[in-house]
Protein chains: 2
Amino acid sequence: MASQQDLFDTLAQVARALGNGHRLALLERLAQSSAAVETLATATDLSIGNASQHLQQLRRAGLVTASRLGKQMIYRLTDERIVNLLGLLRQVAETNLAEMERLVSQLFAEDDASGALEAVSSRELLASLERGKVALLDVRPEDEYRAGHLPEAINIPLEQLEAMLDSLPRDKEIVAYCRGPYCALSHEAVQRLRQLGYRVRRFEEGYPEWKAAGLPVM
Amino acid sequence: MASQQDLFDTLAQVARALGNGHRLALLERLAQSSAAVETLATATDLSIGNASQHLQQLRRAGLVTASRLGKQMIYRLTDERIVNLLGLLRQVAETNLAEMERLVSQLFAEDDASGALEAVSSRELLASLERGKVALLDVRPEDEYRAGHLPEAINIPLEQLEAMLDSLPRDKEIVAYCRGPYCALSHEAVQRLRQLGYRVRRFEEGYPEWKAAGLPVM
DNA sequence: CCAATATTCTATTGATCCATTGAATTAACT
DNA sequence: AGTTAATTCAATGGATCAATAGAATATTGG
């Protein structure tokens with residue numbers, strides 16, 4: 001007979017799968033798009049073997065699935081709600097763990113120093129987009145952009161930022177976004193564009209959160 | 001300088017705190033009401049020392065806080081959203097982990113065998129309550145009931161069920177609830193009341209979920 | 001101040017987890 | 001078939017975790 005404790009134990013297995021920074025990084029990458037082991041390994045700075053092992057733990061916990069495509073093994077999230085789950089975990093951690101706040105403010109320190117304005121919220125961004133007031137800039141790598149992006153967003157991967165400035169409108173404010181609230185790409189982009197004189201702010205979330213909230217994507 | 005990985009590592013610490021069945025049981029109990037270590041230990045079948053250790057891990061992860069009240073140490077959840085977090089974890093696990101489904105269906109097996117109807121959803125319950133169609137029965141221990149309960153709910157702790165049948169209306173359908181979807185109390189109550197000829201169903205969630213959803217409590 | 005109670009701290013043991021390495025599998029290409 | 005590339009499997013040592021028991025610390029009431 002199943003007891004309540006058995007259920008908690010099983011639930012705990014899932015939580016334990018989330019209990020490793022590398023696995024959280026893998027999940028963030030997977031939230032952008034499904035990907036092969038090698039892609040995931042380089043995105044997260046893990047050896048292929050190590051990445052594979054972590055992915056299998058995530059699979060055992062029911063958080064990702066794998067399917068073979070030729071030589072490659074393609075992993076994907078099993079469930080859109082995993083993005084919500086991670087977002088909620090983040091919120092709880094940020095409000096209740098001093099250490100978390102400290103790290104976040106460190107990550108934002110450069111922005112503040114350079115006088116960057118506050119990040120743009122989902123609601124604000126949605127309103128601005130509807131009124132055509134802002135241009136959206138996706139600074140993620142091209143493959144992630146192609147797998148899905150915010151409506152009307154221009155893609156300039158961060159490495160090519162200076163080379164592709166022509167694509168950016170000069171007359172509108174620009175909102176840059178990337179993988180999520182902890183992704184460094186859009187921070188970096190905002191800094192560099194500000195120095196070039198652009199009016200630019202950061203979207204406080206990322207593509208996966210936008211999509212998981214049920215907002216329109218392309 | 002803080003890196004993204006530091007943030008994931010810190011986030012992982014919080015997830016790891018959720019990665020133990022006993023700690024999840026402690027959190028479920030804490031979701032009912034704040035409580036002293038001894039209360040929590042007996043509710044979860046842990047030794048006091050062991051419970052204390054787990055509680056301190058939860059505290060380090062920012063999930064609970066403690067304050068002294070005389071000789072006792074009272075623990076409470078730091079954040080209402082932890083209930084949502086656990087609920088979402090549960091949903092993800094139930095949809096994507098076969099083992100989970102198996103255990104849940106085992107827990108529900110008795111109900112099905114005894115011909116009990118499906119559990120009542122929040123939405124359905126809210127509608128029924130507004131129309132005065134059902135009577136609510138809270139089968140949790142009295143102290144949890146006193147710390148908060150659904151509006152108009154009658155409290156009959158499970159042990160006193162047969163002794164206090166007078167409090168139950170005979171003309172309405174009864175909806176029994178307890179601590180949450182995995183709590184055995186309301187299952188047991190439904191079974192016993194059905195054998196006595198009552199029309200009774202189970203609320204599929206519990207008091208904490210109802211409260212965390214922002215629905216009215218007393 | 002002393003005794004009783006509630007809880008936490010410390011130390012220990014066994015279990016589990018993590019990263020790394022190299023061998024083994026699987027599928028595509030020639 | 002044999003070679004190569006992508007991934008998984010298996011085994012290792014070091015680190016962290018869980019449970020238990022007993023000592024230590026606060027708090028209340030005499």
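Throughout, a chain's letter reflects where its sequence line sits, starting with A, and its residues are numbered from 1.
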**Q.** Side-chain donor-acceptor pair present, B:Gln91, B:Thr95, cut-off under 3.5 Å
**A.** no

For nucleotides 14-18 of chain D, give me every protein contact, N/O to N/O, under 3.5 Å, one pair per line with atom names.
unit_1	atom_1	unit_2	atom_2	d
D:dA18	OP1	B:Arg23	NH1	3.4
D:dA18	OP1	B:Arg23	NH2	3.0
D:dA18	OP2	B:Gln57	OE1	3.4
D:dA18	OP2	B:Gln57	NE2	2.9

**Q.** With sequence neighbours excluded, residues passing side-chain contact (heavy atoms from CB on, under 4.5 Å) with B:Arg102
**A.** B:Glu99, B:Gln106

For residues 18-31 of chain A, which side-chain N or O atoms pair as donor and acceptor with protein atoms under 3.5 Å away, sequence neighbours left out?
unit_1	atom_1	unit_2	atom_2	d
A:Asn20	OD1	A:His22	N	2.8
A:Asn20	OD1	A:Arg23	N	3.2
A:Arg23	NE	A:Ala17	O	2.6
A:Arg23	NH1	A:His54	ND1	3.1
A:Arg23	NH1	A:Gln57	OE1	3.1
A:Arg23	NH2	A:Arg16	O	3.3
A:Glu28	OE1	B:Gln4	NE2	2.5
A:Arg29	NE	A:Glu144	OE2	3.1
A:Arg29	NH1	A:Ser33	O	3.3
A:Arg29	NH1	A:Ser33	OG	3.2

Pairs under 3.5 angstrom only: tabulate donor-acceptor contacts from the side chains of residues 69-77 of chain A to other protein residues two or more places apart or in another chain.
none

Q.
Which heavy atom of A:Gly180 sits nearest to which heavy atom of A:Glu209, and what is that distance?
A. CA-OE1, 3.8 Å

Q) In whole angstroms, how far is the P atom of C:dT7 from the CG atom of B:Leu26? A) 13 Å

Q. For the atom pair NE2 (A:His149) and CE (A:Met218), what is the distance rounded to the nearest 0.5 Å?
A. 5.5 Å

Throw together a table of side-chain donor-acceptor distances under 3.5 angstrom for residues 150-165 of chain B, partners on residues two or more places apart or in other chains.
unit_1	atom_1	unit_2	atom_2	d
B:Asn155	ND2	B:Asp138	O	3.0
B:Asn155	ND2	B:Arg140	O	3.0
B:Glu162	OE1	B:Arg192	NH2	2.8
B:Glu162	OE2	B:Arg192	NE	3.1

(Q) Can you give me the closest heavy-atom contact between A:Thr42 and A:Thr39, atom names plus distance? (A) OG1-O, 3.0 Å

Q: Starting at atom CG of B:Leu40, determine the distance to atom P of C:dA6, rounded to an integer number of angstrom.
A: 14 Å

Q: Could you check how far CD of B:Gln5 sits from C1' of C:dA19, rounded to whole Å?
A: 14 Å

Q | Per-nucleotide protein contact string for nucleotides 3-13 of chain D, where B marks a base within reach and S marks sugar-phosphate only (heavy atoms under 4.0 Å, - for neither) | A | --BSSBSBB--

